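Counting starts at 1 for both ligands and their atoms, in listed order. Note that the coordinates shown come from a computational prediction; the quantities given were computed from them, not determined experimentally.
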Amino acid sequence: MDARIPEYLQRTLLEHYGEEKAAGIEEGYRQNRAVTLRVNTLVSDREQVCRQLDGAGIAWESVSWYRDALILPDSREADVQALPVYSQGQVYLQNLSAMLPPLYMDVQRGESVLDMAAAPGGKTTQMAALSGGMAQITACERDKIRAERLRYNLKSQHVGCATVLEKDARSLDDFFRFDRILLDAPCTGSGTLDLTEHAAPRRMEEGWVQKMVKTQKAMMDKAVRLLKKGGTLVYSTCSILPAENEEVVDFALKKGLELVSVQADESVPQLPTSMPGTICVCPSALYEGFFVAKLHRPA
Ligand code: SAM
């Protein structure tokens, strides 16, 4: 029998998005999401990776908004994991939605970057690659086991410009200052609910959502203090609940940050957001449900 959406989530989705959109979201939860990957341009390029996929008989498709992303419509992750391109760190398995925040970070060579909630490191490694390995990235992670995984991934992705800080980001010293901060916040994961056959049921109660929002605001509060004047902050979650998204961005605006409008390519399925210039990706066969906002600290 098919898994069901937790009652609280269903009610909240209906309330915020209405019947038609909530049905579309549920449809997205029921899709077997296609495998997608990102080419690690620190050590490889698209041509090399595509050649190896062709050689292994693995079909691939391009992504219109990102040259380094590939969709493997007929493969499983294990098929990629068995290839030399994977063991050599030439690719990183990553959902397309999760590739958006590093693109909006627009990291420049020589800049100081804080990745506040970094493990397992998908976005840290992407920012490292986008800067050509020339940014100075501090990758903060509170959980010891996840920090180990982060170190492992940085090494296997040949990232030499990132340092792991095993710490609760909320207790980072206010003395630090960064040009750019990514707050890819811990969240309920309401955008990534899996309602395919045999998937394990997920919890989603109001009290838990509120606890997440409290953590997200505390991390945002710290991010605002650590951001240089003129600096850029990208806030993202894999949740589609406005309490974890627009409400947290609104909190940052009240602390003096300004919203920088971002837009996703028209091929990205989107949900309406109450804050124009932010992006809420609708779960689908290719995309996890996701939220991204870009903020700026006035000079
Ligand atoms: N950015 C990661 C990536 O792209 O691979 C995914 C990050 S995941 C959404 C959130 C991470 O934040 C988890 O690894 C979690 O352990 C960590 N975390 C939760 N609370 C934290 C805190 N207070 N300080 C630092 N890290 C925290």
Donor + acceptor pair across side chains of [X], [Y] (<3.5 Å):
X	Y	result
Ser239	Glu244	yes
Asn40	Thr125	no
Ser62	Arg46	yes
Gln31	Glu27	yes

More than 12 heavy atoms of other groups within 6.0 Å of Gln48 CD: yes

For ligand 1, which of its N or O atoms have a protein N or O partner closer than 3.5 Å, and how long is each gap?
from	atom 1	to	atom 2	distance (Å)
ligand 1	1 (N)	Ala117	O	3.0
ligand 1	1 (N)	Asp184	OD2	2.7
ligand 1	4 (O)	Lys123	N	3.2
ligand 1	4 (O)	Lys123	NZ	2.8
ligand 1	5 (O)	Pro120	N	3.4
ligand 1	5 (O)	Gly121	N	3.0
ligand 1	5 (O)	Gly122	N	2.9
ligand 1	14 (O)	Ala119	O	3.3
ligand 1	14 (O)	Glu141	OE1	2.7
ligand 1	14 (O)	Glu141	OE2	3.3
ligand 1	14 (O)	Arg146	NE	2.5
ligand 1	14 (O)	Arg146	NH2	3.0
ligand 1	16 (O)	Glu141	OE2	2.6
ligand 1	23 (N)	Asp168	OD1	2.7
ligand 1	24 (N)	Ala169	N	2.8
ligand 1	26 (N)	Arg142	N	3.3

Single hit among Leu195, Asp194, Ile5, Thr192 for side-chain contact (heavy atoms from CB on, under 4.5 Å) with Arg202: Thr192

